[in-house]
Amino acid sequence: MSENILEVRNVVKNYANHTALSEVSLSVPKGVIYGLLGPNGAGKTSLIRIVNQITAPDAGDILFDGKPLNEHNIYEIGYLPEERGLYKKMKVGEHLLYLARLKGLNKDQAMEKLKEWFIKFDIKTWWDKHIEDLSKGMQQKIQFVATVLHEPKLIILDEPFSGFDPINATLIKDEILELKEKGSTIIFSTHRMESVEELCDYIALINNSKKVLEGRKSDIKQQYKSNTFTVEFEKGALKDGNSYAIQNVSTTSDGNQLAVIKAVSGVQGNQILSELMQQVEIKLFKEDVASMNDVFIKAVNQSN
Amino acid sequence: MKNILLIIQREYLARVRKKSFIIMTILGPLLIGAMYAVVIFAAISSIDQKQILVKDESGLFKGKFKSSEEFVFNFSEDNVDKLKSQLGKDKKDALVIIPENIMSEGAGVKIFAQKGVSLELQNKVEGAIEKEIETIKLTEAGITKSVLESAKMNVKSETLSLSEGSEKKSSAAAASIVGGISAFLIYLAVFIYGAQVMRGITEEKTSRIVEVIISSVKPFQLLIGKIVGVALVGLTQFGLWIVLSSGVIFFGGKVASEKLMASQNAISQAQMANLPPEAQEMAKKNMKMSPGVNAAGGMSEVMNALDTLPVATIIISFLFYFLGGYLLYSALFGAVGAAVDSDTDTQQFMMPITIPIIAAFMMAQFVIRDPNSNLAIWTSMIPFTSPIIMMVRIPFGVPVWQIIISVILLIGGFVFTTWLAARIYRVGILMYGKKVTWKELGKWLFYKG
């Protein structure tokens with residue numbers, strides 16, 4: 001037993017005209033939500049397809065739960081591709097049954113699990129409907145059910161929220177968190193930083209076929225913090241101090257002054273605060289935490 | 001393996017349950033039946049007896065014109081003008097006037113008709129006159145009727161093929177028909193079901209279900225499952241067509257033959273009315289015997305012809321070449337389906353695939369005429385044409401070694417095209433929104449994993 005559900009080691013994938021992945025290594029711990037980030041064309045989908053054994057790497061190893069990836073692992077992975085669809089002419093029930101059986105469930109097991117999900121999503125009346133008669137949002141629910149029905153250890157969701165309306169997006173978000181509670185690991189590929197902010201425990205960033213950064217989200221944020229603080233105060237003038245330098249001062253709508261100050265390296269917030277208190281009447285003092293958006297843009301720019 | 005079975009099952013059921021499948025399967029035989037019905041109906045309704053008046057001025061031909069289903073001849077002594085005035089009335093359709101000097105001149109026969117004279121009537125009248133003059137002249141030359149009768153001989157030939165040292169009776173006509181029909185069915189099957197494989201794959205690609213499926217099964221399994229599933233659909237449909245059409249033809253044939261019989265009886269009775277009483281008696285006796293004799297004779301002739309053919313060999317090889325040809329081409333159709341984004345883009349890749357099929361079908365017509373020519377032997381070996389050409393040749397009898405080579409090459413052929421198709425397929429199905437060129441298809445063949 002390994003503490004990582006998935007380990008990618010030095011994976012290389014070349015296509016005729018370009019390199020999709022060059023020496024990419026990742027470790028995905030068990031029971032976390034792992035965000036796989038990166039600009040379009042960075043190589044995320046190539047990597048996901050390799051993990052799903054849709055394509056094979058040119059070099060490198062993949063370990064699933066500590067052992068080299070083999071074809072039986074397919075049954076332990078649930079995959080929701082970015083480009084996803086259903087057979088339009090099939091009925092909802094038989095379609096889900098078909099996909100579940102391809103994932104190794106027998107008919108009775110699949111029926112039992114399907115019943116639970118149909119109750120949970122309150123879609124009992126859909127069983128005999130044709131897929132083509134469902135709205136896009138309804139089809140996405142079906143696709144999500146198909147992805148997780150066989151209770152996989154590892155769930156890979158490629159842009160799961162694209163095309164979802166806010167109600168369904170929230171529904172799916174709650175389901176993802178519940179699956180994590182139950183012990184599944186979720187790899188989650190996306191551009192949408194707000195959902196990364198909200199859901200992910202770990203992230204990895206891929207740019208131009210290379211891994212740029214990887215780690216616990218909170219650590220990375222720490223790493224990327226700008227070391228600046230925002231201070232709001234009443235009247236008075238603020239001068240540069242021993243522990244900080246002023247970057248920018250503006251006036252708020254209610255007449256207060258708003259300053260962005262950069263800490264001298266090695267200085268803690270309290271020290272700055274005590275120096276500021278001697279000069280002005282402070283209304284607000286806070287450290288500027290790096291948003292995932294900032295991290296993303298910074299890291300990508302650095303690597304370019 | 002379990003997954004391939006699941007895929008086969010889905011592909012099969014999805015198609016067999018479609019309304020269009022059910023409609024086509026039922027409608028096919030009905031259409032074939034309807035076609036026969038139209039032909040038979042046309043045949044029955046065209047038997048419209050014509051009454052022909054004959055004025056024989058020479059006096060040589062009385063009673064010599066034989067009435068038939070189409071024409072009933074009545075001799076009359078009335079003068080020409082009176083006869084002409086009868087035309088168009090009393091169902092008198094035409095008037096033939098034979099001049100007195102016909103024996104010496106050979107000309108001057110006139111045929112009048114209300115609506116124009118058919119070529120058939122003209123030929124018939126001329127033929128009857130010629131024959132009678134011939135008889136008269138030969139008799140004058142001292143040849144008796146019995147000599148003439150015995151000089152007539154009906155020649156029927158029997159075709160025999162020498163194979164494997166033993167003589168086998170064969171029927172060239174039956175062989176051509178069976179060969180032609182089998183080749184046509186295979187040609188049809190390759191197109192209908194090959195195109196179904198192609199459309200199925202394009203559909204999976206455009207509906208984006210394909211990536212979901214191939215995260216559970218290997219692309220090759222999906223391709224094979226689809227090809228086999230559609231093959232079973234084809235066998236089901238062809239099987240049902242054969243059963244239903246024979247049903248339709250059998251029952252339709254029964255009804256039609258009863259009608260034919262009835263109309264024949266009516267005609268015969270009309271003819272008999274023109275005969276003297278004693279001849280009527282004779283004819284009636286003959287009539288009673290003839291229909292049954294005819295039908296039985298016809299049936300046994302068909303059976304005999306079939307007997308001369310290697311029926312078991314034909315059925316087994318039909319199944320083999322049906323499947324072999326389908327597998328070979330459907331893999332290629334599948335590759336095209338995977339390479340394109342929509343049905344409309346398939347054109348440029350379809351051409352090279354359809355040309356050999358169409359060429360084979362066209363060559364089949366020459367092969368029927370000469371099933372052992374060099375062209376026939378070569379094209380029945382090449383896997384791209386052999387399913388059609390070999391099927392044309394087999395009813396005529398083909399040396400075993402040629403069949404063995406052809407079978408091995410065809411198996412090799414579809415293993416090769418399936419391999420080729422699988423390599424294009426696995427890349428193509430994940431390639432969205434890109435117009436693919438031939439060069440790129442070539443590159444795909446060499447991609448790893």
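No experiment lies behind these values; they were computed from the predicted model shown. Letters go in sequence order (proteins before strands), and every chain restarts at 1.
Using modelled atom types, one finds no donor on one side chain facing an acceptor on the other under 3.5 Å when comparing Tyr98(A) with Gln9(B).
Distance OG/Ser216(B) to OH/Tyr79(A): 11.5 Å, rounded to 0.5 Å. Here Gln143(A) contributes atom CD and Ile209(B) contributes atom CD1; the two are 7.5 Å apart, rounded to the nearest 0.5 Å. Atom-to-atom distance recorded for Leu102(A):CG and Asn3(B):CG is 5.0 Å, nearest 0.5 angstrom. Taken to the nearest 0.5 Å, the NZ atom of Lys218(B) stands 5.0 Å off from the CD1 atom of Ile74(A). Here the CD-OG distance, from Gln139(A) to Ser207(B), works out to 9.5 Å after rounding to the nearest 0.5 Å. Taking OH of Tyr15(A) as the start and NZ of Lys443(B) as the end, the distance is 14.5 Å to the nearest 0.5 Å.
With chain A as the partner, the residue from Lys18(B), Glu204(B), Lys2(B), Arg10(B) showing the most heavy-atom pairs under 4.5 Å is Arg10(B). Among Glu83(A), Met90(A), Gln53(A), the residue with the largest count of heavy-atom pairs under 4.5 Å with chain B is Glu83(A).
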**Request:** Would you check, one step at a time, whether the test side chain to side chain contact (heavy atoms under 4.5 Å, CB included) holds for Leu99(A) with Ile213(B)?
**Result:** CA-CA 7 Å; Leu99(A) 293 175; Ile213(B) 304 286; 3.6 Å; yes
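In terms of heavy-atom proximity, Glu211(B) sits nearest to Pro81(A) at CD-CB, 3.7 Å. What you find for Leu430(B) and Arg49(A) is that their closest heavy atoms are CB-NH1, 3.6 Å.
Heavy atoms closer than 4.5 Å to chain B are found in the side chain of Glu94(A), but not in its backbone. The contact between His95(A) and chain B is made entirely by side chain atoms (from C-beta outward), counting heavy-atom distances below 4.5 Å.
Looking at Leu80(A) and Val212(B), their side chains never come closer than 4.5 Å, going by heavy atoms from C-beta outward. Counting heavy atoms from C-beta on, the side chains of Ser215(B) and Lys103(A) come closer than 4.5 Å.
Other residues, nucleotides and ligands contribute more than 12 heavy atoms inside 6.0 Å of the NZ atom of Lys120(A). Other residues, nucleotides and ligands place more than 12 heavy atoms under 6.0 Å from the NZ atom of Lys173(A).
Salt bridge status for Glu203(B) with Lys89(A): absent, with no side-chain N to carboxylate O gap under 4.0 Å.
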